[in-house]
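Everything on this sheet refers to the single structure shown next.
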Amino acid sequence: MRLSRFPLSTSKETPADAAVVSHQLMLRGGFIRQLGSGLYSWMPIGLRVLHKIENIVREEMNRAGAAEVLMPSIQPAELWQESGRWQVMGDEMLRLTDRHKNDYCYGPTHEEVITFHVRQDLRSYRQLPVNYDQIQTKFRDERRPRFGVMRAREFIMKDAYSFHMDMDSLRAEYENMRAAYAKIFTRVGVDFRIVKADSGNIGGSRSEEFHILAQAGEDLLAVSDQGDYAANVEAAETLPQPAHGPAVETLSKVATPYQKTCEDVAKLLKLPLARSLKLIVVKGAEGGLIALAIRGDHELNTIKAEKHPKIAAPLALASDAEIQAAFGCLPGFLGPVENKVTVIADYAAAALSDFVCGANEAGFHVTGANWGRDAAEPEAADLRMIVEGDPSPDGRGTIKLYRGIEGGHIFQLGKKYTKAMNVTVLDVNQQPVTPEMGCYGIGVSRMAAAVIEQRNDINGILWPDSIAPFRVIVCPIGLDKADTAAAVKGAAETLYSELLAAGVDVAMDDRGLRPGEMFKDADLIGIPHRIVIGAKGLATQQFEYKRRDAAAAELIAATTAAVLEKLAG
RNA sequence: CGGAGAGUAGCUCAGCUUGGUAGAGCACCUGCUUUGGGAGCAGGGGGUCGCAGGUUCGAUUCCUGUCUCUCCGACCA
């Protein structure tokens, strides 16, 4: 590609609205342009990157035995009503009505559509297992789109859906996809980590996320410093603790007129925060209220809470009025002592003795509270967010927290959709069987941003060769100098055409810019290899070669063969 | 959805408090000069000041409404 004909629009200034480095560099380099909140166009240079990522994904999916399809982005409401998700998805799903007043949505995902097609086409166990994949545009009406294409509303996703006669087959395909994903992430050139995940409203049992480690990541990951344990904090278990110690202190009421939080109470009483206890009151699965007891220095994990059989899902906090009626005071002074609401305590909270908690009376807390003596021994459960320093749930090492960008997510869905949508195939005994299902997603457009988060420096992006918009850029210098221009131009043109002939993805910077501008642009847009051709070097039959990530340039022989050798190494 | 902020030239922003019909830098165009890290000089083009009302002789400026965008939080395959 000749840059003189390639619409490249770079900028020196950092756009005001971009908060993270990938968004800033994608805008400065002209990779994307914003159309509206969470809506981005991929400009020519950006689309080259996107296509390279897509091609890697496509190749590896193909190699792993998936069959590519392309499904509509607009989907009829009926399918979503069948699966039950027309209600569940809420405002995140963009709903549309056509001229006949029929309801549709812009697909946020495609479980329903593929299941519909499978129901049409699959009759026999002989047709299974099968895995359909597609690379396609999704729309999710995020409450708060941010960070450019990292969390856009419209985005490109590779999704895949597999169908199986039994769980063994599903598990095998899950492993197959897991391995394919690892290859994809490796080829794209990112540092990633596979972590245990919550499956969210998509449903199903086993699920893992592929995270690209980066400070700008929106997810927190709990990783053992010794073992293999790694999980999204949403899904990271905490371990049961030994039974609490004996009561030593006597229960006494203390005035805490202005202290409503555990932090404030602990500060006032000069006690460690870890000896305080808070109650979070939620609705029970069978109606009524349930009080969740959490240690003052811990945080409730709402996903764990709503999975508890006694707690209503989705999690619903009790209203102030309900709390007033049940406890006789408002949140800020609640405690398990002398109350009639069922308490479920987090393992760590259940292990407390001589703790501080609300007195169920506005303006007062109690110290020296003990389970068994002052409050009924509670049911203990895993309810809290894991924190740094916790023992690893697998018993090996200690948890450290990292930030990650979710680049992929794989699920064993089981029969959730095939059952809801009445899919059956005949087994060898001519009996109808509801197939098991798996699904596997990669955020293709997000991946481009995630790579930049990991690979950038003061001058711009450092693309890996595999997804760079161009692998090499040829920069002829001094094209306006009457005496040497012809020689420089000739050498550059020869190199350019020979690289093209050799199948190298090369850009020729024939825009006639000054050297500084060419170098700044090449660095900003992250071309991994740069060949500079100038009169100086040609005088000694040399080109200058510089890797984007190298500190300095080096001189090489002024031949295409020498350049190819550098690219190979 | 709660809180905060911003909409003025392609971009980054000033001007608004105290009303008198708009500026800078970058970018762009022309010419000259320059050619190894976003050069220099000279000249030039470009904005119904987000939109709609209101107040006023007069509104980018004051008032009201509205739309959009961003940030923090909550939320989220």
Side-chain angles (χ1 to χ4, degrees), chain A residues 9-20 23-24 27-28 30 33-39 85 88-93 107-112 138-148 151 153 155 157-161 197-204 207-210 218-219 232 234-235 299-300 302-303 314-315 317 406-411 413 416-417 439-443 446 458-460 475-485 488 509 511-525 530 532-538 543-544 546 552-553 555:
Chain A
S9 183
T10 58
S11 142
K12 260 190 282 198
E13 302 204 59
T14 300
D17 283 344
V20 297
H23 189 196
Q24 291 169 353
L27 288 170
R28 280 190 58 204
R33 290 290 177 239
Q34 182 169 21
L35 182 63
S37 177
L39 302 174
R85 287 206 293 178
V88 178
M89 293 296 285
D91 288 340
E92 193 177 319
M93 189 155 75
T109 175
H110 279 69
E111 282 82 10
E112 280 79 0
K138 302 282 189 277
F139 189 94
R140 294 181 188 176
D141 200 356
E142 299 278 352
R143 282 178 182 178
R144 187 142 104 79
R146 56 182 145 182
F147 303 158
R151 179 168 294 276
R153 295 197 293 175
F155 60 99
M157 174 167 166
K158 188 288 298 173
D159 43 338
Y161 308 90
D198 175 68
S199 48
N201 80 2
I202 204 160
S207 135
E208 285 166 297
E209 291 169 346
F210 284 66
E218 296 182 271
D219 288 296
N232 193 308
E234 293 174 347
E299 197 182 334
L300 176 70
T302 57
I303 290 168
L315 195 71
L317 291 177
E406 182 185 348
H409 200 160
I410 56 179
F411 302 80
L413 292 176
K416 173 170 172 167
Y417 296 93
C439 82
Y440 320 91
I442 288 180
R446 174 183 284 179
I458 187 74
N459 290 314
C475 299
I477 287 187
L479 288 181
D480 288 350
K481 269 189 195 162
D483 51 342
T484 52
V488 169
D509 196 345
R511 294 177 295 175
L513 300 180
R514 302 162 56 81
E517 277 179 277
M518 273 194 283
F519 299 160
K520 286 288 185 191
D521 265 355
D523 285 353
L524 176 63
I525 64 176
R530 188 183 78 193
V532 176
I533 301 179
K536 244 192 274 178
L538 286 184
F543 292 156
E544 176 187 300
K546 183 177 177 300
L555 294 173

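Treat the numbers as computed from the prediction; the structure is a model and nothing was measured.
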- Message: When you measure from the side-chain N and O atoms of A:S37 to the phosphate of B:rU70, is any distance below 4.0 Å, counting only OP1 and OP2?
- Response: yes

- Query: Is any side-chain heavy atom of A:Y440 closer than 4.5 Å to a side-chain heavy atom of A:H409?
  - Reply: no

- Task: Could you please name the partner base of B:rG5, counting Watson-Crick and G-U wobble pairs only when both distances are under 3.5 Å?
- Result: B:rC69

- Query: Is A:D521 touching bases, backbone alone, or none of the nucleic acid, heavy atoms closer than 4.0 Å?
  - Reply: base

- Message: At 4.0 Å (heavy atoms only), tell me whether A:S9 reaches a base, stays on the sugar-phosphate, or touches nothing.
- Response: nothing

- Taking a pair to mean Watson-Crick or G-U wobble geometry with both distances below 3.5 Å, B:rG47 pairs with none

- Contact class for A:E218 vs. all strands (heavy atom < 4.0 Å): base, sugar-phosphate, or nothing? nothing

- Of the nucleotides B:rC76, B:rC75, B:rA27, which one has an atom closest to the side chain of A:K12? B:rA27

- Exercise: identify the closest heavy-atom pair between A:R28 and A:E13: CG-O, 3.4 Å

Protein-nucleic acid N or O pairs under 3.5 Å, nucleotides 35-37 of chain B:
residue, atom, partner, partner atom, Å
B:rU35, O4, A:D480, OD2, 2.7
B:rG36, N1, A:E544, OE1, 2.8
B:rG36, N2, A:E544, OE1, 2.1
B:rG36, N2, A:E544, OE2, 2.6
B:rG37, O6, A:R530, NH1, 2.9
B:rG37, O6, A:R530, NH2, 3.0
B:rG37, N1, A:D523, OD2, 3.1
B:rG37, N2, A:D523, OD2, 2.6

- With a cut-off of under 6.0 Å to the ring centre and 45° to the axis, is A:R530 in cation-pi contact with A:F519? yes

- A:E92 side chain reached by A:F139 side chain, heavy atoms, under 4.5 Å: no

- Note on the structure: ring-ring contact (aromatic ring centres under 6.0 Å, His included) filter on A:F210, not counting sequence neighbours, yields A:Y181, A:F185

- Tell me the partner of B:rC76, counting only Watson-Crick (N1-N3 plus N6-O4 or O6-N4) or G-U wobble (N1-O2 and O6-N3) with both under 3.5 Å; none if nothing fits. none

- Message: Looking at B:rA59, which nucleotide sits across from it as a Watson-Crick or G-U wobble partner, both distances under 3.5 angstrom, or is there none?
- Response: none

- Contact summary for A:R153 and A:P145, nearest pair of heavy atoms: CG-CG, 3.6 Å

- Query: OP1 or OP2 of B:rC71 less than 4.0 angstrom from a side-chain nitrogen or oxygen of A:R144, does that happen here?
  - Reply: yes

- Message: Just so I know, are the side chains of A:T10 and A:I525 near enough to count as touching, which here means a heavy-atom distance under 4.5 Å?
- Response: yes

- Nearest to the side chain of A:R28 - B:rG38, B:rC69, B:rC72? B:rG38

- Look at all strands and tell whether A:F155 reaches a base, only sugar-phosphate, or nothing, counting heavy atoms closer than 4.0 Å. base

- Query: A:E209 near the nucleic acid: base, sugar-phosphate alone, or nothing, with a heavy-atom cut-off under 4.0 Å?
  - Reply: nothing

- Query: Whom does B:rG37 pair with, Watson-Crick or G-U wobble, provided both distances fall under 3.5 Å?
  - Reply: none

- By the Watson-Crick or G-U definition, both distances under 3.5 Å, B:rU30 is matched with B:rA42

- Message: Given the structure, check if the side chain of A:R151 and the base of B:rC76 hold any donor-acceptor pair shorter than 3.5 Å.
- Response: yes

- Query: Now, which nucleotide makes the Watson-Crick or G-U wobble pair with B:rA14, with each of the two distances under 3.5 Å?
  - Reply: none

